[in-house]
Every structure is written in C-alpha cells, then in structure tokens.
There are 2 protein chains.
Amino acid sequence: MFTVSAKTQYAIRAMTCLAKMEGRYATSLEIAQAENIPAKYLEGIMRRLKVAGLVDSERGKKGGYRMVLDPSAIKMLDIVEAIEGRIKPVTCVDKAELCSMGAACLPRRFWVGLKAAIDGYLAEHTLKDVAEG
Amino acid sequence: MFTVSAKTQYAIRAMTCLAKMEGRYATSLEIAQAENIPAKYLEGIMRRLKVAGLVDSERGKKGGYRMVLDPSAIKMLDIVEAIEGRIKPVTCVDKAELCSMGAACLPRRFWVGLKAAIDGYLAEHTLKDVAEG
DNA sequence: CTATATTCCTATTAAACCGATAGGAATAAT
DNA sequence: ATTATTCCTATCGGTTTAATAGGAATATAG
Ligand code: FES
Ligand code: FES
C-alpha cells in the first residue's frame, strides 16, 4: 500500500541525474541509459517535469533537458506532484461535497491529516538531500 | 497517488460501526447495510480483520462479528495493515539487497523516512479518534 | 432432525490502471 | 537534405481491484 509508481521513481532518478550535470543539457536517451530506464517511457516523464517547470528543454540536434533550478530549491513534493498530481488518500479530501456521509463525515479529518503528514514529509526534503543520500 | 483502497476504507467504516455496538454481535449483512458496503464483498474484509485479531466472530444463527478491544486501543495502522499488509512505498524498503543500485542506493533513506512518516501518523490515531471525528 | 442463518472459503468476472512500446509530427543543428 | 532530438497520441499486454457467485461448515431454533 502507498506504493510509489515506477513513473515517479524514474522521475526522481532522472532528476538526480540531471542535478549532477549542473545546468548542461542531457538527452532523454542519455538519462535513460545512465539510470537504466526504458528510453521511450522516460520521454513522457521528462515532458511532465517540464510542464511543471522543474526542467527546461530544447528540441532538435544538441537538444535535451537541463536543470534550471538549484537542487536545494526543488522539493520532493514538487517532483511527485509533477508526475502524479495532488496527493489524495481519498477522493473527498479535496471535495467535501463528495462525502457519501455528508458534512458530518467522520473519517474526513483523519484523511486530511494523513495527506498533510505525507505532503509535509515530501516538502521538507529536497532533491539535494536525496541526491546526496 | 497514495490512494487508499476501497477495501481499506470499507474496513474502517465497518470498524467504526462495530465500535458503536459496544461488544454486541453484528452480522456482516447488518454492517453492510448500515455503512452502504456491498455485502458479499464485506465478508472477505471482515475475515481479514478477524485473522488480524481486531474482531471476534461466531458462526451460525445469532452469529456475527464483535469488537473485542477498546476502540482507543486499536491503532488505525492496525486496521490498514490487517487489510493491506505492511506499507512499502518501494519494495526495497524492507530488503536493501533488492536495491538496484546496491548498498550505496541514495534514495533509500528517503523512502524509509517516508514509510516512517506514514506509519507514524497512522499509529498515533486510534479507531476511537476517527469514530468521534 | 430439519430448516434457517450465518461465517468461511474459492473461483470467476469486468473494469481500471500501469508499464511499456510504436509511429510519427515538429523543430533545430549540421 | 540529413540527422537528432523533443513532442504527441494511440495502443497493447499484464496486473490489480472491486464485485459477484456458489457453496461448504457450523450454530441456533423449532
Ligand atoms: S466520504 Fe470520504 S471523507 Fe467523507
Ligand atoms: S533501489 Fe529502491 S531504495 Fe534502493
């Protein structure tokens, strides 16, 4: 339970890889080979990281992806949310009106608290922390 | 991401329902109707809760399930683990030898910490807390 | 002893999700 | 023009999940 998808694990490995490049471009293929990730699959992942503003990209020859932020400024939560979207232990944490039991839904506070605990942990660790172990 | 399965949510609702019964027996069907859970599906869930020692059961007429512990003594982690087994954000948190990157696996500490954060939250909230909101 | 109500067990189904692949369009350098 | 890359969409096979089905074991009631 609460397993982290391969996609997210790949994203984290790719980001640690890019972090070592200190702003230089690396292609999707290079990262895939360095980190042992299916190349074509990684393409989609890198695109999501870009949409989230965590990396920058350039097309064509000499293109690739590069890190635009300092690894210490990238929260692990940023990476996770870039890939998976907002964390929702149950669908109703965002929309109380979905609660089958109405406004008096008892477990709701519990789930909201769980989300806060997970978000909290992920937000207080940066890519730099993880890349350095 | 980190979504809680329907099975676990059902289990929690069923436990809060039983908690209100103060030790009296309730049948699987009664709980299902009270909590709006597919009856036949709930049977398997109740059985797991029993195996975990969280409830007691009696077969035949007048049978059913009953709470044997004080709700304040039941950690939410107990319920979650009864249904889902140990929480593992990544498979290698339990077995470091599985780490694709060997002993020097950098993200490992991060995942172990995440598990600790989730387990911690779930262990410091009891069924009583949740049942009362 | 029979009928009934329940837990208990196993198998099966339908749908959703996930990891991965395929094929190509757009774009930039050579 | 050729080549190398990001970008986009579709699809496939496998796994998981929610739910159902059917019945064996067991206890109570009459
Ligand atoms: S119904 Fe899920 S928190 Fe209310
Ligand atoms: S390979 Fe997963 S934590 Fe090491």
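Everything numeric here is computed off the predicted structure, so don't read it as measured data. Chain letters run A, B, ... following the sequence lines, proteins first and then strands; every chain starts at 1. What you see below is based on every heavy atom in this structure, not just the backbone, and it leaves out hydrogens, waters and symmetry mates.
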What are the bounds, 5' to 3', of the part of DNA chain D that sits under 4.0 Å from heavy atoms of chain B?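 First and last nucleotides in contact are D:dA18 to D:dA29.
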Would you mind telling me which residue lines up with the more 5' stretch of DNA chain C, A:V4 or A:G60, judged by nearest nucleotide?
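So the residue in question is A:V4.
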Closest nucleotide of DNA chain C for B:R47 versus for B:E30: which of these residues is on the 5' side?
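The residue mapped nearer the 5' terminus is B:E30.
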Expressed as a whole number of angstroms, how long is the span from [X]:[atom1] to [N]:[atom2]?
{"X": "A:E58", "N": "C:dT30", "atom1": "CD", "atom2": "P", "value": "12 Å"}
{"X": "B:F2", "N": "C:dC17", "atom1": "CZ", "atom2": "C1'", "value": "17 Å"}
{"X": "A:I83", "N": "C:dG19", "atom1": "CD1", "atom2": "P", "value": "11 Å"}
{"X": "B:K62", "N": "C:dA5", "atom1": "NZ", "atom2": "P", "value": "13 Å"}
{"X": "B:Q33", "N": "C:dT6", "atom1": "CD", "atom2": "C1'", "value": "14 Å"}
{"X": "A:I37", "N": "C:dC18", "atom1": "CD1", "atom2": "P", "value": "18 Å"}
{"X": "A:R48", "N": "C:dC18", "atom1": "CZ", "atom2": "C1'", "value": "11 Å"}
{"X": "A:K50", "N": "C:dT27", "atom1": "NZ", "atom2": "P", "value": "12 Å"}

Report task. Quick one: label B:Y25 by what it contacts on the DNA or RNA (base, sugar-phosphate, nothing), any heavy atom closer than 4.0 Å. Result ->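 Here B:Y25 touches no strand at all.
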Looking at every strand, decide which applies to A:G64 at a 4.0 Å heavy-atom threshold: base, sugar-phosphate, or nothing. sugar-phosphate
What pairs of donor and acceptor atoms, side-chain ones from residues 14-32 of chain B against any protein atom, are under 3.5 angstrom apart with sequence neighbours left out?
from	atom 1	to	atom 2	distance (Å)
B:T16	OG1	B:R13	O	2.7
B:R24	NH1	B:M21	O	3.4
B:Y25	OH	B:R66	NH1	2.9
B:T27	OG1	B:L29	N	3.4
B:T27	OG1	B:E30	N	3.0
B:E30	OE1	B:T27	N	3.0

So CG of B:L54 and CD1 of B:I83: to nearest 0.5 Å the spacing works out to 8.5 Å
Taking for A:M46 and for B:K40 the nucleotide of DNA chain D with the nearest heavy atom, the one nearer the 5' end belongs to A:M46
Upstream residue (5' side of DNA chain D) when B:E84 and B:K61 are each assigned their closest nucleotide: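 The residue closer to the strand's 5' end, by nearest nucleotide, is B:E84.
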Checklist entry - Do B:D119 side-chain atoms and B:A116 backbone N/O form a donor-acceptor pair below 3.5 Å? => result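 A pair under 3.5 Å: no.
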Taking only distance into account, with no hydrogens and no angle test, what donor-acceptor pairs under 3.5 Å do side-chain atoms of residues 71-81 of chain B form with protein atoms, sequence neighbours excluded?
from	atom 1	to	atom 2	distance (Å)
B:S72	OG	B:D70	OD1	2.6
B:D78	OD2	B:K75	N	3.0

Among the nucleotides C:dT30, C:dT4, C:dG19, whichever has the atom closest to the side chain of A:Y41 is C:dG19
- Query: Which is it for A:W111 and B:Q9 under the side chain to side chain contact (heavy atoms under 4.5 Å, CB included) test, yes or no, and what are the steps along the way?
  - Reply: CA-CA 10 Å; A:W111 296 127; B:Q9 293 182 56; 4.2 Å; yes
Do the ring planes of A:Y41 and A:Y10 sit parallel (below 30°), tilted (30 to 60°) or perpendicular (above 60°)? perpendicular
Original post:
Checking side-chain contact (heavy atoms from CB on, under 4.5 Å) against A:V112, which of A:K115, A:R109, A:R108 comes through?
Top reply: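 Of all the options given, the one that passes is A:R108.
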